Asker: 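I have a structure here, written as structure tokens, and I will follow up with some questions on it.
These figures come from a predicted structure and were not determined experimentally. As a basis for the values below, the full set of heavy atoms in this structure was taken, side chains included, without hydrogen atoms, waters or symmetry mates. Chain identifiers are assigned alphabetically (A, B, ...) following the order of the sequence lines, protein sequences preceding nucleic acid strands; residue numbering begins at 1 within each chain.
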Amino acid sequence: MNTSLLAIPILLPIAGAAIGLLLPRNSRTQSIAGIATFAGTLVAALWILWSISQVGFLKLELGSWQAPFGISLVADKLAAAMVAISSLVGLAISIYALGDLSQELRKRWFYPLSLFLVAAVNGAFLSADLFNLYVWFEIMLISSFGLMLLGGGKNQFEGGFKYVAINLVASALFLAGLGLLYGKIGTLNMADIALKLSVSPGGPMINSSAVFFLVAFAIKAGMFPFFFWLPASYHTPPISVSALFAGLLTKVGVYALIRSNTLIFTQEADFLRGVLVALSLATMFTGVLGAAAQFDIKRILSFHIISQIGYMTLGLAVFTELAIAAAIFYTLHHIIVKTNLFLIAGIVSKKTGTDDLSAIGGLYKAAPWLALLFFIPAFSLGGIPPLSGFWAKFALVKESLDQSFYWATAIALIVGIMTLFSMTKIWAEAFWKKSPGLFKISKLTQRETWTLYGPVAAFSAITLIIGLNAQPLFEFSSEAAAQLLSPNQYIEFALPAEYVTSIRLQSVQEIALNATVTP
Amino acid sequence: MLIPLSILLSLFSAALASPLVKRCSNWAPYILAAVPAGLFLAYAFLVGDISFANTLQYQQPWVPGLNVAFDFQVDGLSLLFLLMITGIGAFILIYAGGYLSKDVKTRTRFYTYMFLFMVGMIGLVSADNLVLLFIFWELTSISSYLLIGFDNENKESRKKALQALLVTGTGGVALLAGFILLGNTAGSYRLSEIIAQGEALATHPLGTAALILILLGAFTKSAQFPFHFWLPNAMAAPTPVSAYLHSATMVKAGIFLLFKLSPVFASHPIWTASLIGCGAITLLLGTISGIFQRDLKRILAFTTMAVLGLLTMLIGIGGELALKSALLFMLGHALYKATLFMTAGNIDHGTGTRDARILGGLRTLMPYTAVAAGLAALSKGGFPPLAGFLGKEYVYKTSSTIDVAAPYITVIALIGNALLLALAFKAGIHPYWSKAVSTVEGKSYSKFLPHKPHEANAAMLAGPLILAIGGLVFGLLPQSVTASLIQPALSAATNTSTEITLSLWHGFSLPLILSITTLIAGITIYWCRETFWKREAFAQEIAQRDTENIYEFIFTQFVRKSKEVTRTIQNGSLRSYLWTIILAAGALVGFKIISLGAIPYSINLESLHLFHYVLIVGLVIAVGFAAFASSLLKALAGLGLLGYGVAIIFATNGAPDLAITQIIVETLAVGLLLFAALRLPAFRKLSSNRNRILDTILASSCGLVAFYMALKASAIELSPTISNQFVEWSYVLAKGKNVVNVTLVDFRALDTFGEIAVIGIAAIGVCICLPVTNLRYLPSAGLSKSIIFSTGARILLPLCIALSVISLYRGHNEPGGGFIGGLICAAGFTLYAFARGTVEALRRLRFTPIQWIAGGLLIALASACFGPIVGKPFMTGLWLPGFELPILGTVHLGTPLLFDVGVYAVVVGFAAQVTFSFLDSSINATSSAPKQDPCSKLTQTATACK
Amino acid sequence: MEFLVSLLIGILVAASVYCILRRSIIKFVIGIAFLSQAVNLLVFTTGGISQAAPPIIQADQTTIIGEHADPLPQALVLTAIVIGFGLLVFTLALAQRATQAAGTDDLEAFRNTEQ
């Protein structure tokens with residue numbers, strides 16, 4: 001097949017965004033253009049996913065400059081899956097926005113910015129070049145800044161500033177790490193870096209710059225003790241935006257952590273992995289504490305993002321095939337579930353006019369279907385079988401126990417109960433409790449009902465399906481993990497064969513040379 | 001096939017329940033009840049076929065990757081439970097039909113949840129895969145949560161539901177961990193295979209851990225001390241639920257698990273000790289606290305607890321006899337307890353109260369209920385010839401024959417049974433046969449009752465009567481009926497094929513004497529029930545010392561601590577956030593640096609001239625100036641100097657493009673900061689000196705780390721750079737002599753594309769932050785107003801444009817390019833706007849800046865798309881053959897040039913947008929109403945801060 | 001030269017850390033400006049710098065003759081400068097607006113989103 005397809009999930013949304021900026025500023029035109037572009041992106045993404053499942057890897061050398069000299073896009077199973085799911089989330093939210101966002105916001109910037117964001121996210125997943133990854137991170141960042149301020153409430157600017165501030169530091173760290181790495185290894189293509197590190201005796205010398213990447217990605221992923229930007233800001237923008245962020249942004253950080261730690265920083269990595277275990281546990285624990293402390297739906301959900309990230313990174317830290325498979329499964333499941341929960345929170349606050357649980361109530365009676373639609377993702381997040389979250393947790397716990405990470409397992413399980421607790425808090429307060437009558441529960445219009453419930457229902461259905469038939473997704477995750485754990489596969493695919501052999505040959509000669517010189 | 005079928009059938013009914021109930025709310029319960037009834041018959045036919053040798057099996061893969069499969073196995077034990085679940089379930093559904101309010105909505109949910117629970121229970125007792133079993137286990141917890149909280153608008157029932165969920169849920173996760181450990185030690189998740197391995201597993205080092213975790217699960221589920229407290233509280237649920245979940249079935253899930261795993265762990269000391277210990281305590285605690293209760297349902301709840309304790313104790317004792325008696329006792333209990341609950345419900349329904357103390361003489365008013373309750377009470381009391389008697393006989397048989405601690409066990413059993421009898425009479429005899437109380441607390445009895453007592457309807461009588469009679473049958477036909485159920489169950493529980501004989505009459509033996517003692521003692525206790533009721537205070541005493549307090553403590557502490565911790569971590573201060581982040585990052589990097597040890601580096605200063613030193617020193621001074629300046633203007637001056645200095649560094653190190661870019665960017669940045677400054681308050685000292693010192697320390701250590709890292713990075717070279725290839729290709733393949741520019745527009749075009757996207761979006765971001773108001777910038781006074789300046793700007797604009805186009809074109813071969821060109825052009829427009837107002841400038845710009853950006857992006861994209869058209873990847877450089885032009889000489893037109901045009905357009909749009917926005921906003925600042933003017937607010941807040 | 005530039009980088013980093021920890025919002029923006037300067041210089045130097053000729057192919061040549069600077073870090077830094085500039089401008093606008101919204105430029109007073 002034509003590998004140019006690989007660039008479509010990146011270039012198409014950007015084109016759509018640019019066209020949207022040129023089109024007349026009326027909500028109808030903008031919405032149609034936006035949704036159409038997202039739909040196209042999803043189609044391309046699914047096509048890529050399909051062909052990946054056939055061939056395993058895809059590569060596109062942009063400008064036909066052969067790797068490692070040009071920039072190339074490489075998709076393995078993980079990348080393809082992430083692209084597909086992020087495009088799906090994009091489409092869902094572009095539809096949800098019809099009912100959620102005011103005409104004004106749909107007229108101005110929502111669709112272009114969200115398209116830029118998804119393009120950047122896809123770019124980050126597909127790029128095989130470290131500096132290019134940095135560029136995508138920046139696009140993601142700046143477009144998320146714009147979205148974060150959409151609507152322009154006082155709190156948005158306050159929270160937004162913290163979000164911006166901390167993320168700017170993160171980008172600086174990333175770029176610094178890049179500079180340091182390039183200074184030592186003289187190349188940017190990730191496969192090339194991995195190759196040269198694998199053959200050069202001084203591989204561990206880059207571990208100090210590896211820490212820069214670790215921290216930068218950890219900030220993006222919202223890990224302890226770097227997550228402060230998330231609870232400060234995620235609950236302020238319109239729910240469509242929050243949901244988009246909740247689904248995608250932190251996961252890009254997780255993806256970057258997985259990619260860099262499986263491909264590049266694999267030598268003498270015990271230190272990094274040790275740090276990762278500690279941070280993961282702290283992350284899941286502090287996150288869930290934060291959730292328990294809150295009484296506002298959006299804030300509870302925001303803290304849960306953090307707590308769940310801990311599970312994904314723990315999977316990476318345990319670093320066996322099954323563990324990484326669990327991490328991938330967890331990430332995919334969490335994107336669906338968390339986005340869905342935010343979308344539902346949006347419906348709740350639309351119906352009741354508030355996010356404050358003490359003011360909400362009586363939805364069990366007033367909106368039984370919403371209750372059902374909430375119950376599925378909420379208890380999936382709580383890890384209740386047989387919903388998707390259970391399989392994610394089970395796989396992770398099983399493997400951590402097999403690898404005798406007993407403490408990690410214990411904490412993961414306890415945090416699981418705490419998660420369940422705060423989910424039941426929302427359930428009991430918003431749905432079971434009698435409405436305190438501060439706000440009368442309003443009916444949604446026909447249009448709102450379709451556009452808001454459509455994506456929610458779809459996501460809940462997906463959660464249910466993954467739960468009842470976990471094997472396909474789990475199998476896929478395992479295959480993806482297998483790919484990640486054999487970096488040479490990636491290297492030999494991403495780089496021309498003769499180049500690889502020549503590099504390896506050189507190193508052999510050098511070593512031979514040193515051997516002769518030293519005595 | 002039968003198992004998955006019945007599970008699917010129940011699931012189907014769960015889904016079907018609500019439409020059915022909506023359609024015909026009167027008949028729905030009975031139609032639905034047909035499902036478990038049918039299943040009951042189906043399983044009843046299996047009795048006799050199922051034996052130790054012959055079990056019903058079904059296998060179907062589910063998630064092989066995690067070795068989870070739909071493995072089901074129905075052995076005798078499962079069958080016994082299945083019969084109880086379906087049989088009692090059917091009657092409960094019928095009963096609910098009569099009992100529940102007519103509010104259709106609540107009923108639809110009720111049946112859905114009941115069927116979900118039934119699914120959970122059926123799966124739990126017949127699963128042959130540990131994880132599968134766990135999944136159904138959790139399903140029962142969740143449906144129980146939903147049912148306890150059924151009266152969802154009542155705060156108490158919500159609270160109790162959560163309590164039950166958290167207790168059983170915590171046990172659940174322990175159970176999961178235990179199962180995983182057990183599975184790993186056994187090398188299989190198949191329950192049958194694990195049991196087949198027998199006691200070998202218990203000796204495995206991980207076996208003990210697995211055992212403890214599994215016991216946690218079983219004890220929480222079956223309300224064993226110290227996790228018992230949730231069960232009495234679960235009585236918040238509607239009576240049918242209590243009758244079904246919290247007496248007959250769900251609470252026995254833990255018991256089932258203990259039965260099931262006893263072949264594996266029976267010999268393990270922890271198993272024996274904890275089961276006997278906790279069982280005994282639970283038995284006594286349940287009965288003793290029950291004796292003081294007046295609420296019929298609470299009385300029954302405590303007896304349930306007690307019986308569960310007794311069963312646990314028996315399983316702990318182990319051996320064929322103990323297990324046999326446990327099974328018998330459980331069977332009897334299931335029958336009479338369900339009956340008693342339902343009759344209690346009838347009383348509640350008929351009289352409006354469940355207060356045993358004021359009830360009495362209902363015999364005549366509710367005859368059928370009375371009969372059922374009486375029979376059940378006698379069975380529970382252990383009177384021959386009822387099933388309960390059988391159970392009790394064997395309990396005594398066991399207790400009198402075990403080798404260790406027989407007397408203690410016997411005494412405990414005796415006390416327990418006696419109290420159970422008393423409790424049974426309180427619940428089943430007293431309300432009907434004792435004389436009606438004439439007055440209670442002054443009010444007369446009849447007045448006290450909410451409404452006149454009346455007999456329950458047929459639906460609510462069917463269950464109790466039949467189940468009560470069932471108790472009689474099992475008692476009368478021990479060998480033919482009872483044994484046929486117990487024997488296969490026993491052989492499953494002991495994992496050995498067994499033959500058993502049951503009989504009511506064992507001749508004059510110790511058990512009989514004990515039974516008689518029990519009767520006498522029990523009846524005496526019952527006789528002085530009033531005295532106990534008067535001492536309710538004592539019950540309170542027990543309650544206050546109950547483990548529930550520990551739960552409450554943990555719960556409240558958790559919530560409180562979580563609030564505190566979160567307030568400290570997420571405290572809202574950006575400074576502390578940055579501190580934490582920088583400190584953590586610094587610590588990690590520092591640790592790595594130290595652990596890697598020193599790197600060889602020789603400072604060679606030969607190549608340096610005085611100029612370099614001067615430059616750096618100057619820059620350092622500029623930095624200090626900017627950082628510690630007392631006023632914004634000084635700071636900006638420092639910043640500008642720094643920028644130009646860096647530009648010089650670039651220029652002197654062979655990077656002209658960088659130098660030019662740096663200069664333009666720096667100028668623009670400082671200019672914008674200047675405009676922004678108009679809206680921002682003057683510098684003032686906010687931080688305390690302590691903070692300043694701390695920050696200085698952190699800052700300088702970060703500086704050190706950065707310095708070291710920079711040196712290290714430039715010292716180490718593990719492999720040569722790839723960019724030599726660029727130099728090779730630049731002209732030959734990419735038709736450009738300025739390798740940097742070629743790299744930007746060709747080798748690494750995607751980066752540049754991303755970069756222009758970034759600035760384009762940044763422009764949008766600026767629009768969002770500084771929305772256009774009707775106030776637009778116009779030169780008001782001073783330089784910007786002067787004629788010379790405005791005419792100058794007018795003349796400069798075309799010059800700038802021309803210059804920019806040239807630099808755009810030549811950029812491919814010499815310093816310059818789309819970005820620099822764009823900036824030059826934008827600079828022209830900025831000057832023009834400054835001199836003649838933004839509106840005027842916008843007019844000259846033809847399109848809005850955003851349109852420039854969008855257009856530029858599309859041009860760049862278009863240039864990228866030529867590749868695929870000719871079957872090459874995106875962004876492949878394609879060139880027309882060069883041709884001669886008068887002035888320009890040989891002209892090469894190609895997609896990279898087009899791409900650069902796109903860059904140019906975006907940069908123009910971006911620069912124009914931001915400069916115009918800042919110009920406009922600066923106007924808003926100076927001439928907007930004081931209400932929006934931040935400066936006036938600032939004075940207030942500044943004072944407020946102090 | 002690396003040595004001196006590394007020194008400058010260190011000082012820039014120190015200055016930026018100090019500035020972003022200040023409470024006044026504009027100081028923070030200045031700190032960010034320092035930071036991007038520092039990082040750009042870092043990328044520029046670690047590539048190995050020399051006072052060699054710029055990487056431009058001489059007239060009527062097909063490849064550079066003699067010593068020349070490494071073009072790749074230059075391209076990276078150019079991209080980084082531009083991106084950094086974009087972010088800086090946005091941050092500035094945001095700072096201006098946030099000050100207006102919060103009614104103060106004291107970052108310690110920005111706590112409404114976390115109460």
Side-chain angles (χ1 to χ4, degrees), chain A residues 4 7 15 18 21-22 60-65 68-71 109 116 132 135 138-139 142-143 145-146 149 162 180 183-187 196 200 202 205 207-208 211 215 225-226 228 231 289-290 292-293 364 384-386 395 398 401 413 416-417 420 424 428 432 434 470-471 474-475 478, chain B residues 63 65-66 135 138 142 149 152-153 158 162 169-170 173 177 180 184 562-563 565-566 569-570 574 577 580-581 584-585 588-589 592-593 596 709 713-714 716 718-722 725 746-751 754 757-758 761-762 764-765 768 850-851 854 857-858 861 868 872-876:
Chain A
S4 284
L21 293 175
L22 290 175
L60 171 60
E61 286 168 334
L62 289 158
S64 37
W65 297 113
F69 304 107
I71 295 175
W109 317 132
F116 278 123
N132 191 240
V135 173
E138 295 308 294
I139 302 177
I142 188 75
S143 43
F145 291 165
L149 306 176
K162 286 173 186 162
L180 297 171
K184 292 169 197 155
I185 205 78
T187 180
K196 285 174 176 166
S200 87
M205 292 306 284
N207 276 2
S208 45
V211 173
V215 173
F226 309 113
F228 310 104
L289 282 187
Y364 195 53
I384 293 301
K398 181 180 184 304
L401 273 179
L413 286 172
I417 287 293
L420 188 60
T424 53
W432 268 1
K434 199 172 176 38
Q471 178 58 17
F474 184 77
E475 201 176 347
S478 317
Chain B
V63 188
L66 295 165
I135 289 172
E138 290 293 88
I142 285 294
N152 57 292
E153 299 195 337
R158 287 204 301 272
L162 180 60
T170 315
V173 293
I180 294 172
N184 294 350
S562 68
K563 284 203 172 67
V565 171
T566 310
I569 295 179
Q570 195 72 29
L574 181 59
Y577 296 166
T580 324
I581 291 172
L588 286 174
V589 176
K592 248 310 159 203
I593 290 175
L596 278 176
M709 292 300 288
S714 40
I716 303 168
L718 300 178
S719 68
T721 167
I722 56 169
Q725 199 67 43
D746 203 337
F747 296 134
R748 301 190 62 87
L750 190 59
D751 284 346
V758 168
I761 304 163
I764 298 175
I768 295 173
I850 296 297
Q851 283 167 334
L857 282 171
L858 286 176
L861 268 171
K872 290 232 171 64
F874 281 99
M875 295 181 163
T876 303

Asker: Under 4.5 Å heavy-atom distance to chain B, tell me which part of A/Leu60 shows up: side chain, backbone, both or neither.
Answerer: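 Contact with chain B is through the side chain of A/Leu60 alone.
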
Asker: Considering non-hydrogen atoms only, spot the tightest contact between A/Ser143 and A/Phe116 and give its length.
Answerer: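 Closest approach of A/Ser143 to A/Phe116, heavy atoms only: CB-CB, 4.0 Å.
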
Asker: How long is the span from the CG atom in A/Leu21 to the CD1 atom in B/Ile850, to the nearest 0.5 Å?
Answerer: 6.5 Å

Asker: Considering only heavy atoms, which portion of B/Ile142 lies under 4.5 Å from any heavy atom of chain A: side chain, backbone, both, or neither?
Answerer: side chain

Asker: Identify which of A/Val135, A/Val215, A/Val211, A/Ile71 forms the greatest number of heavy-atom pairs closer than 4.5 Å to chain B.
Answerer: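 Ranked by heavy-atom pairs under 4.5 Å with chain B, first place is A/Ile71.
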
Asker: Out of B/Val565, B/Ile581, B/Val173, return the one with the most heavy atom pairs under 4.5 angstrom to chain A.
Answerer: B/Ile581

Asker: In terms of heavy-atom proximity below 4.5 Å to chain B, should A/Leu420 be classed as side chain, backbone, both, or neither?
Answerer: side chain

Asker: Examine whether an atom of B/Val589 lies under 4.5 Å from a heavy atom of chain A, and if so say whether it belongs to the side chain, the backbone or both; otherwise answer neither.
Answerer: both

Asker: Measuring heavy-atom distances to chain A, does B/Thr721 have an atom under 4.5 Å in its side chain, in its backbone, in both, or in neither?
Answerer: both

Asker: Please identify, among A/Pro231, A/Ala395, A/Gly416, A/Ala15, the residue contributing the most non-hydrogen atom pairs under 4.5 Å to chain B.
Answerer: A/Pro231

Asker: Give, for atom CG of A/Leu149 and atom CH2 of A/Trp109, the distance between the pair rounded to the nearest 0.5 Å.
Answerer: 13.5 Å

Asker: Need one label for B/Leu861: side chain, backbone, both or neither, based on atoms under 4.5 Å from any heavy atom in chain A.
Answerer: side chain

Asker: Which heavy atom of A/Pro386 sits nearest a heavy atom of B/Ile135, and at what distance?
Answerer: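 Heavy-atom minimum between the residues: CB-CG2, 4.2 Å.
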
Asker: Looking only at heavy atoms and a cut-off of under 4.5 Å, which of B/Leu858, B/Leu857, B/Ile764 has the most pairs with chain A?
Answerer: B/Ile764

Asker: Looking only at heavy atoms and a cut-off of under 4.5 Å, which of B/Glu138, B/Arg158, B/Lys563 has the most pairs with chain A?
Answerer: B/Arg158

Asker: Counting only non-hydrogen atoms closer than 4.5 Å, does A/Phe474 touch chain B with its backbone (N, CA, C, O), its side chain (CB onward), both, or neither?
Answerer: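 Only the side chain of A/Phe474 comes within 4.5 Å of chain B.
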
Asker: Which is it for B/Gln851 and A/Leu22 under the side chain to side chain contact (heavy atoms under 4.5 Å, CB included) test, yes or no, and what are the steps along the way?
Answerer: CA-CA 6 Å; B/Gln851 283 167 334; A/Leu22 290 175; 3.9 Å; yes

Asker: What residue, out of A/Gly183, A/Gly63, A/Ala7, has the most heavy-atom pairs lying under 4.5 Å from chain B?
Answerer: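 Most heavy-atom pairs under 4.5 Å with chain B: A/Gly63.
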
Asker: With a 4.5 Å heavy-atom cut-off, do A/Trp432 and A/Thr424 have their side chains touching?
Answerer: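 Answer no - side chains too far apart.
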
Asker: With a 4.5 angstrom heavy-atom cut-off, is it the side chain or the backbone of A/Lys196 that approaches chain B, or both, or neither?
Answerer: side chain

Asker: With a 4.5 angstrom heavy-atom cut-off, which part of A/Glu138 approaches chain B: side chain, backbone, both or neither?
Answerer: both

Asker: Of the backbone (N, CA, C, O) and the side chain (C-beta and beyond), which part of A/Ile384 lies under 4.5 Å from a heavy atom of chain B, both, or neither?
Answerer: side chain

Asker: Can you tell me which portion of A/Ser478 sits under 4.5 Å from chain B's heavy atoms? Options are side chain, backbone, both or neither.
Answerer: neither

Asker: Look at the aromatic rings of B/Phe747 and A/Trp65 and report parallel, tilted or perpendicular, splitting at 30° and 60°.
Answerer: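 Plane angle over 60°, so perpendicular.
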
Asker: If we define contacts as heavy-atom pairs under 4.5 Å, which of B/Thr566, B/Ile761, B/Asn184 has the most with chain A?
Answerer: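 Between B/Thr566, B/Ile761, B/Asn184, the count favours B/Ile761.
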
Asker: Which region of B/Leu66, side chain (C-beta onward) or backbone (N, CA, C, O), has a non-hydrogen atom less than 4.5 Å from a non-hydrogen atom of chain A, or is it both or neither?
Answerer: both

Asker: Can you say whether B/Ile569 sits under 4.5 Å from chain A via the side chain, the backbone, both, or neither, judging by heavy atoms?
Answerer: both

Asker: Show the nearest heavy-atom pair for residues A/Phe228 and B/Gln570, with the distance to one decimal.
Answerer: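 Where A/Phe228 meets B/Gln570 most closely, the heavy atoms are O-NE2, 2.8 Å.
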
Asker: Looking at every heavy atom in both A/Leu401 and B/Ala177, which two are closest together, and how far apart are they?
Answerer: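 For A/Leu401 and B/Ala177, the tightest heavy-atom pair comes out as CD1-O, 3.9 Å.
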
Asker: Check whether B/Asp746 gets within reach of chain A through its side chain, its backbone, both or neither, counting any heavy atom under 4.5 Å.
Answerer: both

Asker: Would you name the heavy atoms of A/Ser4 and B/Pro873 that are closest together and state the gap between them?
Answerer: OG-CA, 3.8 Å

